[in-house]
Every structure is written in structure tokens, then in C-alpha cells.
Amino acid sequence: MKTMRFLLFFFWIATCCLPSCINDPEEMVDGNPEEPGNVEIPEVPSDPGGTEDEELDPNTQEVLVSDAVALVFTGEGVSIDNPFAGNGVTVENSGGHVRITSTREDVELNYILSGTTGDGSVKIYGNYKFGLVLNGVGITNPKGAAINIQCGKKITVTVVDETQNRLTDGVSYDLTGGEDMKAAFFSEGQLNFYGKGRLDVRGKYKHAICTDDYFRMYDGDIHINEAASDGIHANDDVLVESGTLAIRSDGDGIESEEDAVNITGGTVQIVTVGEKGHGIKSAKETTVDSNGTIEIDVYGNASKGFSAGGNMTVTKGEITVNTAGNAFYVKEEADISSAAGIKCDANLLVHAGTVRILSAGTGGKGISADGSIVINGGDLTVTTGGGQYVYDRNNDTAAKAVKCDGDLLINGGTILIRTFGTEAEGLESKTRLTVTGGDVDIEAYDDGINAAQHIQIDGGNIYCSSAKNDAIDSNGTLTVTGGLIVSASAAEDGFDDDNGRFSITGGTLVGIGGGSSSPTANACTQYALLFGASTGNISVIHIEAAADGREVMTFQLPRSYQRLSLLFSSPALEAKTGYAIYTGGSIAGGSDFHGLYTGAAYTKGNAAGTFTTASTVTTVGNTGMRPGGK
């Protein structure tokens, strides 16, 4: 699968991060909700399709292994070297289909396979652990598994360095009564892979590699070029520690049916094409603590890059997930199933690493957790490009960048979010959303930040923009104690707390939009200004101290408003002090945080009003504000 095209993803990253992508909210306001103006919506790389097998060059090596039984497939049949004949090991050959039975439990035997066959197989019976050495072997079994291990103990698989190996099964099996045989490489016992040789597997019947125990890859170069179901399927844990693992499957790329998936190193590349064909699926926890890379493209409807039945933790690593599938209504479940980059049935914890997610289908989610989400650090980029999915008037779902049913907590890291399409939101919590640190940059079609109960901002640098709704919206209460916040809505409120308690005790806030919630005066200890104007000609708003001209705020508006409301609060606003407001004018030099300038030279425009901080909340002009509650 060396032809897999993951380099195309970096073209998307370069495209979606360009400032021109969505910097003009007016373009989105004037466009159709599903086709927002001239904004360029990034696309998932095209599915490269299946890859044909190259001619196999086994390149068999000299192998020095003790206690070994050697099988060499040739055009004439199978050459067998069994030094344990009559001493606990029998080897039977029926037209290239080899059956090995061992009763030895005193020595860890090794079985060495080499040569090629277009109609053969290896089946191994035993009750003791053993080693399997793939030394330039190619096995195709048109009627069953290429390798079938009917032993429930530990199996050490060594793919000999500098060799090429290939295993292919048939599209239908001649099954043996009572025996599992559901993969090109099947094992009842634990599979442990070593060696730097290459192993190619095609699973035409069901899975490519399957174990009814655990799968562990210590090293190697495994390419699953085809799997009718899962690429790697294990009943218990799946652990990837090093090497290269490339998978293309119709079902899941990797699945732990009853346990966890843990990736600590290596290069993992996964493409899935079937409906609900997830990249990495676990029944319990999924952990990424890797110095390597994980690249996942899933194309089927409702397919997830990661699907964790329990918690998911990212400690380090470089993760790229692209999902192209649309949402659809599952009648058996009476519910809508959506694609997602990461889906957790419990909690998501991100400590560090780089995570890039693009969800392009209708109703697609970047990150979705049934529990809580905690982001302590790292570099997170999430883009949703699909519109709303509607099944009927009672069943619909919108694209969301990051959403959870529990609390959402951001303590650090760099977060970049872009959403497109009707009701597409940036950060959403069904309970409480808290930011204590980090850099957060959101440009959303709908709400940039939304929480059902409470939003708390204690620190960090936050830029939040909405094209169609509120930039920061709490359906309950809203508290700001610190941080730097620029919150801009093209149509609705910069800050909206749905008439709840809106408290400001610290930080620097600039909220701009068609309206604003008013801070709750008796809950604020830091002074705030609400300024309103009804004109489409304002490009800059400047506030300075009336006595000495000291700059308090210079802000360049992101767009033209017919009616605007500005909410500003900062430690620079002092008690019982007079201030003057100017609109228009020009700005030279300095630096800015999304339009909020520091150290710039301001040339005055039009005088727009004055105020004195007699109360914690002062209103100037017609703001279109709503009270902030009690």
C-alpha cells in the first residue's frame, strides 16, 4: 500500500489555514447556508482505490533457528523438514495444504515457512506456545485461510528482515466443523509480530488478520491491502508499538471487540470504505501515546476515525483523520448516526500531540464524546465541511467541530476550529464549558462557543466568530475572570447568556455583533461598556481617557454593521473616570489580536460619545442589549 496518498492531506491543511478561507463573515452571511458565499470548503482526499499486488519476490534469507520445522512451498508441492517426526510433531500434506499437529509442551518449537503456492495453506494444532517464522513465503488458499492456528497460546510471528511475504484467502471457505477460520491469517491464540520484513495480506472472505486473543505489533512492515470486514480484528487488546501498519478495509481498520487499543509508536495508515467502517474501534479504552504518526481516511457513511467504547486518551503523537461519509437514519435504532473524527462513548483527554480532523459529510462531527472532554495541551485543528442532515421534521443533525454531553474543559494547547453549513457550531457542551488557558481560534457558521448550563473563562487567548448566530452563547450563566477574548458575530450577539447571570471580574473582552447581553452589574467587579450605533460606516472604534488621551481600546471591526453593539471590559477601565469614544479614523503600526490593537498610532475619526464609570456597567447609544439577569 505504498501508493496510499496521505500526502494530499497536507494540501488541505495548507488550504484551510489560509487567512482568506473565512476571514470575511459577510461572505458567509450573503451566501446560501449550504454554499456559504465564496468561502472555500476543504475536501477529503479522493479515495485512491484498491492497489494491485506487485510480483512477489520472496528473497528468502538464511535463518538460524533452533527447534525448527521447515516448510518450503514449490511448484511441485511442499518440501518438509521435520526433525521431530515420531517425537511429538506430525506434518501432513494434502496437495499443498499442510496440517501440523504438536503434542510437545517441553520446548517452544518454531515453524519456518518459505516459498510460494497458489493453492495451499498451513494449519497448526497444539497446546503450547510456539514461533512462526515467515521467510519469504506466499500462500494463497482459494477455499480458506492461508494460515490457520488452532492453538490458544502465545504465538511469536517473525517476518524475516529483507523478505517479502504474502497471505491471501478465498472469497468463500470450506469450513471445518467447530473451528473458527475467519481471516486470511487466523489464530486462536495471541499474535505477537516482530521483524522488519514485509507482510502483505488480503482478506477476501472476512478479516485479513484475526485473533481470538490479543494482537501485538512490536515491529514490522504489515500491509493489509484488502479486507472484506476488518483489517485487524482481535477479541482482546490491540497494541502497536513500532513499525509500519497500513490497512485498507471495507469494515473497521483495527478492532478490539472486547477490550482496548493502545498505540505507542510506529506509522499507522488506515483507509476504510464501508458504511460504519471505523478506522480504529475499541470496546473499551483507546490510548495514543506515540512518537509516530496515525493517518486515517474513512469514506463510508457514519464512519468514525476513532470509535472508543470507553475513554480515549491522547498523550502524544501526530494524528490526522479525514471523514467523508454522510449521516443517515438507522431505523432499527430510531436514531441518526453520523461520521466523526473521534467518537468516545465516555471521556476524551488530550494532554499533548498534534490532532488534525476534517469531517466533510453532512451532519459530520469532528470530535464527539458522550462524557466529558479535557484538553490540557497539544495542537488541535478541526474542520467540518458538511451541512445539516435532515431525515424528517423530527430528526436532524448538524455538523459540530467539538461537542460533548458532559463538561468541556480547556486548560491549554492551540485549538483552531472552522465550521461550515447550517447550525454548524464550534465548541459545544451540554453542561458546562470552561477555558483556563491556551489559544482558541474559532470561526463557525452557527454558535462559536455554546454551553447548556454555564460558560466560565478564566484565562487563555480566545477568538470566536459566528456567521449566523452568537459568537459565545450560554443557555444558562456566563462568567469571565481572566483571559483575552475577541468575540464577533456577523448577525447576532458577541456575548449571549440567555438572560442568566453574566459576571465579569477580570480579563479583557471585546464582543461585537448585532446585539449583546448586558453584564449583571451587581455580579461584576470590573468595569464594562456597552456601546451601540446604527450605521454601516463604522470601521474602527477607539476609546481613550478624556483627561489625558490615554488609549484604552482601539478595535478594527471585522465587517460592516447596519446596527452594532460593542461590549468592552478591561482592567484599563478605571473607577470614576471619564472616557471618550471615537468611530472611524485610521490605525498605523502596533500589533493586533483579531482587530484589538496595542501599541498602534490612532488618528481620530468622529466623536461618538462620552461616559464616566460611575457604575460597573455603562451604556452609551442604542445597543440592542438584553439584560444579563440577576
Side-chain angles (χ1 to χ4, degrees), residues 69 71 73 78 89-103 109 111 113 116-134 137-157 159 165-193 199-216 222-236 238 247-259 274:
V69 175
L71 306 180
F73 291 91
V78 184
V89 179
T90 61
V91 181
E92 304 169 83
N93 174 29
S94 176
H97 295 270
V98 179
R99 174 179 173 140
I100 301 173
T101 304
S102 172
T103 59
L109 298 174
Y111 304 110
L113 310 182
T116 62
T117 176
D119 187 1
S121 65
V122 175
K123 181 183 286 189
I124 303 173
Y125 292 89
N127 295 305
Y128 195 69
K129 60 185 178 179
F130 64 85
L132 181 65
V133 181
L134 305 183
V137 65
I139 301 175
T140 296
N141 183 3
K143 297 181 180 179
I147 295 178
N148 183 357
I149 299 173
Q150 293 292 311
C151 172
K153 302 300 181 179
K154 176 183 176 182
I155 316 301
T156 300
V157 182
V159 184
N165 305 267
R166 181 176 298 155
L167 304 174
T168 305
D169 63 0
V171 295
S172 61
Y173 281 13
D174 289 342
L175 299 173
T176 301
E179 289 184 355
D180 274 341
M181 187 169 59
K182 52 195 175 189
F185 188 156
F186 175 75
S187 176
E188 290 283 354
Q190 309 132 22
L191 288 177
N192 298 267
F193 280 82
L199 172 61
D200 288 82
V201 185
R202 286 189 180 272
K204 297 177 177 292
Y205 174 72
K206 195 172 184 182
H207 309 309
I209 298 175
C210 177
T211 168
D212 279 349
D213 209 291
Y214 70 73
F215 172 96
R216 189 164 192 167
I222 300 176
H223 292 247
I224 295 173
N225 301 316
E226 178 182 358
S229 186
D230 300 340
I232 293 174
H233 184 99
N235 273 10
D236 298 327
V238 174
I247 298 171
R248 178 185 173 85
S249 66
D250 287 354
D252 301 323
I254 297 172
E255 181 182 5
S256 170
E257 186 174 346
E258 298 177 1
D259 222 310

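Remember, it's a predicted structure, so these values are computed and weren't measured experimentally.
- Under 4.0 Å is where a charged nitrogen must lie from a carboxylate oxygen, and between Asp212 and Lys182 at least one such pair does.
- A donor-acceptor pair is defined here as one N or O able to donate and one able to accept, closer than 3.5 Å; no such pair exists between the side chain of His207 and the backbone of Ala183.
- Side-chain contact between Val157 and Leu134 is present, with at least one heavy-atom pair separated by less than 4.5 Å.
- Separating the NE2 atom in His233 from the CD atom in Glu255 is a distance of 5.0 Å, to the nearest 0.5 Å.
- A distance-only check finds no donor-acceptor pair linking the side chain of Asp236 to the backbone of Asp259 [under 3.5 Å].
- Pro142 places none of its side-chain heavy atoms less than 4.5 Å from the side chain of Tyr173.
- Not one N or O on the side chain of Ser94 forms a donor-acceptor pair closer than 3.5 Å with the backbone of His97.
- At a threshold of 4.5 Å between non-hydrogen side-chain atoms, the residues Ile147 and Leu132 count as touching.
- Rounding to the nearest 0.5 Å gives a distance of 13.0 Å between CD of Gln150 and CD1 of Ile100.
- Interatomic distance, Leu167 CG to Ser121 OG, rounded to the nearest 0.5 Å: 11.0 Å.
- The CZ atom of Arg202 sits 5.0 Å away from the CD atom of Glu226 when rounded to the nearest 0.5 Å.
- Thr103 pairs by the side chain to side chain contact (heavy atoms under 4.5 Å, CB included) definition with nothing, not counting sequence neighbours.
- The side-chain heavy atoms of Tyr111 and Val133, taken from C-beta on, include no pair separated by under 4.5 Å.
- With rounding to the nearest 0.5 Å, the separation of NZ in Lys154 from CZ in Arg216 is 8.5 Å.
- Considering OG1 of Thr117 and CG of Leu71, their distance stands at 11.5 Å, rounded to 0.5 Å.
- Without hydrogens or angle criteria, Asn165 side chain to Val137 main chain gives a donor-acceptor distance under 3.5 Å.
- A salt bridge (charged side-chain N to carboxylate O under 4.0 Å, His left out) check over residues 118-127, counting only residues at least two apart or in different chains, returns the pairs Lys123-Glu179.
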Name each donor-acceptor pair under 3.5 Å that joins a side chain in residues 184-192 to protein atoms two or more places apart or in another chain, with its distance.
unit_1 : atom_1 : unit_2 : atom_2 : d
Ser187 : OG     : Gly189 : N      : 3.0
Ser187 : OG     : Gly189 : O      : 3.0
Asn192 : OD1    : Tyr214 : OH     : 3.4
Asn192 : ND2    : Ile155 : O      : 3.3

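- In this structure, the side chains of Thr211 and Asn235 stay at 4.5 Å or more apart for every pair of heavy atoms.
- No donor-acceptor contact under 3.5 angstrom links the side chains of Asp169 and Asn141, judged on distance only.
- Here the closest non-hydrogen pair linking Ala234 and Val238 is CB-CG2, 3.8 Å.
- At least one side-chain heavy atom of Val122 sits less than 4.5 Å from a side-chain heavy atom of Leu113.
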